[in-house]
Structures are given as structure tokens and as C-alpha cells.
Amino acid sequence: MSDLFTTIETPIAKYEQPLGLFINNEFVKGVSGKTFETINPTTEKPITSVYEANEKDVDIAVAAARKAFEGSWSKVTPTERGRMLAKLADLFERDSDILSSIESLDNGKAFVMAKGDVANAAGCLRYYAGYADKIHGQTIDQNSESLTYTRHEPVGVCGQIIPWNFPLLMWSWKIGPAIATGCTVIIKTAEQTPLSGLYAAKLIKEAGFPPGVINIISGFGRVAGAAISSHMDIDKVAFTGSTMVGRTILQAAAKSNLKKVTLELGGKSPNIVFNDADIDNAISWSNFGIFFNHGQCCCAGSRILVQEDIHDQFVARFKERAAKNQLGNPFEMGTFQGPQVSQLQFDRIMEYINHGKQGGATVALGGERHGTEGYFIQPTVFTDVTSDMKIAQEEIFGPVVTIQKFKDEEEAIKIGNDTCYGLAAAVHTKNVNTAIRVSNAIKAGTVWINAYNMISYQAPFGGFKQSGLGRELGSYALENYTQVKTVHYRLGDALFA
Ligand code: ADP
């Protein structure tokens, strides 16, 4: 064992964990040689330490990605690119137990949920593998004297900055379309969850990607992240994370080389339940809508709006349902909710809970830490909430939901749209007209009808208002990684003949 690898044993798998930065298909120590610890949120103890990238490492990774983009990668055929991505998807499936247990260890998510993430990540990579040789421009008939056509060329070297809530899934959402379109990438994982991305780096090499095509670095936002967003030789940056950091990235891009930017940011999504909804269905989806992934979802249904006739019944039954969510060690069978990812997130959420308590809302369920070890928080339900309260306006990113009462459709839409965000929403009703009218009126990038959190790599995902710029997933994501070139070829005689 060198200090670039360590053996890690989880209740599911024993494996070799890379610790270095992955640049040019090699694990390296980084220019400063500095490392940082990654913490197991279930025990609050360090798992291991990984090497930390600084600005110089970003420069080295960008140079590698640029060289590959202009050289070896540009000669790889689209079919071959697709084959490598599909192979990577196969390797994700082969090593699914290892990858999933790394997610549970480093992030704290329940192992069964992590298995779902890995299956989706593999599906996403395979989906974009299929697009690699189907990216075409148009021929445009103008007149008999010219041939005009467009080429959808790869945008170039892409910097990708991802969060800790779905480490591998976000990794695949970024890598899939970038690689399918012929770009090269430097991806920075979140400092809280660096391990799964580094294990996946091994699979990149095994899938046959040439050196420099995909580079993976561990490091902090204000150092490595900032170096990516302000780099003069990165052509595009794709970011998923908080709205505050998204703003900083947009500014850095504007101040440097005006690199193209896509942002997938925060949310405060309304989950609207009408009197005529199937109440059992609405309760289970609402529970999944907020408490899935411990509330650490940008599209979490964190504001439940219930029509007045069923409000009290809904609250009573929703509390019963939420109280049954099993909290505990992510590796234990039956666990639905693990710990929050870090002490910082735990503290932020508890601060919001205290704010809600002091601000006049009623704690209908939870509101406290769960247990004495690990960053666990009880599923928390606030009632008697008004739209002007901080807990109804700001993204909490934890297992905390507010329930508000509304009178009619008009009021539901008004409250639903009353935040600066617009990522997602849901409508529960048996009336098709109500469902369509309300989903049209809500300002959000995704609306679920009689469901929640159903995300597919085949369908676009992104935000209205301050929830983001651009769309990920589906064929829409390909536009983020290509630029259109128009070629006019003159067929006729010289103009001044
Ligand atoms: P959270 O608050 O949920 O941790 P962030 O938006 O802070 O979410 O983090 C998401 C990603 O953005 C992480 O990879 C983090 O390192 C990165 N990041 C944080 N600050 C910056 C920054 N100033 N510039 C670029 N990236 C950053």
C-alpha cells in the first residue's frame, strides 16, 4: 500500500480507495502535498485523508484536459466515445456494491438508496453513450449558389463543480453529456464526499479513456472551485450547489474569460394537496418528497400546502407517517434516514429549527437531534406557518417541512410562487383540469402530478427564477456542451466576375 491508496472495509465491501488527485489518468499527490480528512457522518470520526488540489493543480489538470481536447480525444470517433461511456456504465454496475457502500460511508445515505443512486448513475452514463454518435447539425437550403450547414462542435475544456448530496449521481449528470459531445473535463467533487469520485476514477482508466479526458480533483470551494470558475483556459463551467455559490461562480466567469455557465441551484418547492386528492397517495409522496435523502435534495418538497377542508386530517396522518421513518446506521436493513452530511449542515438545520420555534410556528413533530452520536436530526414538521417566516422562504436542506393551509386554487398558486426559487413543485388532485391549470401556473422547472421526486435522466431538469440557468439531463443537456458553427460554402461564380 502506498500513501496514494488505502484499504477501506465497510459492512458490505473491502476495497482499495485512491487518495490522490486523478490527472492524466494517474493518481498524484498534488503540488502542495496537503491532505484533508473526510468524516463519517454516522460516527463523526475520520474515514481517511485525501490529497487537496490548489490553484496550481487546477492549472495542471486544465493543461492535461486541453492537450487531450486538441489532441488524442479529438481523433476518437463518436462511436468510440460512446463505447467507452457504455463501458464505464457497465463498470459502475459491476462495482455497484463498492460504490454504494462508499456513498453510505462518506455521505451517510442508506445503503439501499445509495444502490439506487449508483444504478441511476450507470443508467445516465449509458443514456449519454447512446447520444455520442447522434449529435448532428443541419443543412440549410438557401439558394442554388450556396451550401450552408451547421456543426455542433464540443465546447471544449469543461470545469464541473458538484455537491455532496448525490456525489456519484451528480458526477454522472456532468460527465455523461460532456463526454458524449467530445469535451474534456476537470471535475471537482465536494470536500465532504471525495471518496466515490476517486474510486470511479479507477473505472475511467479501465474503461479506456485516454489520459487527460476526465480529471478528478478533491478540494475546497474557495480554492479549487474558485480556480476553476475563474480559469482563463476553461471554456465552460457547470455547477450544482447553493444559490449563493452559484452567484459567485457566475461573477467569476464574467470577470475572467466569459466562460459559458450552467447552474443547478437551490429550491423551496411547494407540494400542493387539494381537497379531492387521494390522501393516502398524497401522504406517502409528500413524506418521500421531503424526507428522501434526509431532506438534502435541491428539489425537496419542503413546503406542503394543504387545502383547508382536509388540512387537519392531513397533518395528523402525515405526522404518523413521518414518525415511522426509520433513522439509523445507513448500513442497517430498514434504515430510511441516515445522518446529515456534516457538523456544519447539522448546525445550519438546527438553527433553522430554532428560528421556526422562536418565530411562532408550531413543532408538530420532531424538532430535536436524534441520538447522541452522528449528525442525525428527527423528521421535523412545522404547522401554523406563514409565508413571511424564514422557514417558509429559505432553503433548509434538511428533514424539515412546513405545512400551510390554503383556501382555493388561486391562493395555492400565490403561496406556491411566493419565494425566489423555482426548481420543482407537485400537485395532488384527482381533477385533471386542476392538475394542468396549477402545473401551468407554478413557476418551476419540474412539476409532478400525484407524485414527487421522480427524476429521470431522459427528461430535462433545472430551475426557473433563482434556481438556476440551463437544463441538465435529456437531450437538452447536450446544448450545454456544444456550440453551433455555421458554414457557408459558395457554389456559384465569383461575386464580381
Ligand atoms: P453546500 O452549502 O450545500 O455545501 P455549496 O454550494 O457550498 O453547497 O457547495 C457545492 C460545491 O461548490 C462544492 O463542490 C463546493 O466545494 C463548491 N464551492 C463552494 N464555494 C465555492 C466557490 N466560491 N467557488 C467555486 N466553488 C465553490
Side-chain angles (χ1 to χ4, degrees), residues 21 34 36-39 41 50-55 57-58 61-62 106-109 158-171 173-175 185-198 215-231 234 236-256 259 261-268 293-300 302 339-352 375 377 394-400 421 423 463 466-469 472:
L21 312 176
K34 270 170 70 180
F36 65 96
E37 280 181 339
T38 183
I39 307 290
V50 297
Y51 284 94
E52 179 192 333
N54 66 16
E55 295 86 349
D57 298 300
V58 171
V62 172
D106 210 11
N107 165 282
K109 62 176 71 198
C158 301
Q160 306 182 310
I161 302 173
I162 58 172
W164 45 262
N165 56 343
F166 293 94
L168 281 175
L169 203 54
M170 294 302 108
W171 193 96
W173 287 22
K174 299 281 183 283
I175 300 260
V185 308
I186 299 102
I187 187 162
K188 190 194 86 61
T189 52
E191 50 270 43
Q192 297 84 349
T193 54
L195 299 182
S196 56
L198 291 178
N215 305 278
I216 300 173
I217 59 173
S218 316
F220 292 89
R222 257 176 276 164
V223 181
I228 287 175
S229 46
S230 60
H231 205 283
I234 288 183
K236 182 224 154 43
V237 64
F239 170 76
T240 299
S242 60
T243 294
M244 197 182 68
V245 173
R247 218 182 280 279
T248 311
I249 286 175
L250 198 54
Q251 279 168 347
K255 282 191 191 144
S256 54
K259 55 180 69 62
V261 180
T262 44
L263 303 173
E264 202 264 273
L265 307 175
K268 193 73 183 170
N293 211 41
H294 331 161
Q296 303 169 143
C297 293
C298 47
C299 58
S302 51
Q340 308 308 126
V341 76
S342 64
Q343 180 73 55
L344 181 67
Q345 283 302 121
F346 176 90
D347 292 344
R348 279 183 187 162
I349 297 163
M350 291 310 294
E351 207 177 305
Y352 274 113
Y375 309 123
I377 296 179
E394 295 184 14
E395 186 176 45
I396 299 176
F397 226 63
V400 181
Y421 295 111
L423 191 58
Q466 293 184 34
S467 287
L469 282 183
E472 297 198 278

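This structure is a prediction, so every number in the text was calculated from the model and none was measured. Remember, it's 1-based here, ligands and their atoms both numbered in the order they're listed.
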Protein heavy atom at shortest distance from atom 7 (O) of ligand 1: V245 CG2, 3.7 Å
Check I228 against ligand 1 and report side chain, backbone, both or neither, counting heavy atoms closer than 4.0 Å. neither
Is it the side chain, the backbone, both or neither of F239 that has a heavy atom closer than 4.0 Å to ligand 1? side chain
Tell me: protein heavy atom nearest atom 1 (P) of ligand 1, and distance? W164 NE1, 3.6 Å
Logged contact type for R348 with ligand 1, heavy-atom cut-off 4.0 Å, is side chain
Within a distance under 4.0 Å of any heavy atom of G225, pick out the atoms of ligand 1 and give their elements. 24 (N), 25 (C), 26 (N)
For atom 13 (C) of ligand 1, the protein heavy atom that lies nearest, with its residue and separation: I162 O, 3.5 Å
Which of the atoms in ligand 1, numbered in the order shown and given with their element, are less than 4.0 Å from a heavy-atom of G241? 6 (O)
Determine whether any protein heavy atom is located less than 4.0 Å from atom 9 (O) of ligand 1. no
To the nearest 0.5 angstrom, please state how far the CG atom of D57 sits from the NZ atom of K188. 12.5 Å
Is it true that a side-chain atom of E472 and a backbone atom of K174 form a donor plus acceptor pair closer than 3.5 Å? no
Please round to the nearest 0.5 Å and tell me the distance separating atom OH of Y352 and atom CD of E394. 3.5 Å
Test your reading of the model: is there a side-chain donor-acceptor pair from K255 to the backbone of S230, 3.5 Å cut-off? no
Can a donor-acceptor pair be found, under 3.5 Å and without considering hydrogens, that links the side chain of K109 to the backbone of H294? no
Y421 versus E395, side-chain donor and acceptor atoms under 3.5 Å: no
Proximal ligand 1 atoms for A226, defined as those under 4.0 Å from one of its heavy atoms: 24 (N), 25 (C)
When you check the side-chain N and O atoms of K236 and T262, is any donor under 3.5 Å from an acceptor? yes
Checking side-chain contact (heavy atoms from CB on, under 4.5 Å) against L265, which of L423, T243, V245 comes through? T243
Partner of S218 under side-chain contact (heavy atoms from CB on, under 4.5 Å), picked from L195, V50, T193, is V50
Of all the non-hydrogen atoms in the protein, which one sits nearest to atom 5 (P) of ligand 1, and at what distance? S242 OG, 3.7 Å
Atoms of ligand 1 under 4.0 Å from any heavy atom of E191, numbered from 1 in the order shown, are 13 (C), 15 (C), 16 (O)
Closest non-hydrogen protein atom to atom 17 (C) of ligand 1, residue and atom name please, with distance? I161 CG2, 3.6 Å
Can you tell me which portion of M244 lies within the under-4.0 Å heavy-atom range of ligand 1? Options are side chain, backbone, both, or neither. neither
Pick from C298, S342, G221: the one approaching atom 24 (N) of ligand 1 most closely through a non-hydrogen atom: G221
Find the distance between CG (D106) and CH2 (W164) and round it off to the nearest 0.5 Å. 12.0 Å
K188 to ligand 1: N or O pair under 3.5 Å? yes
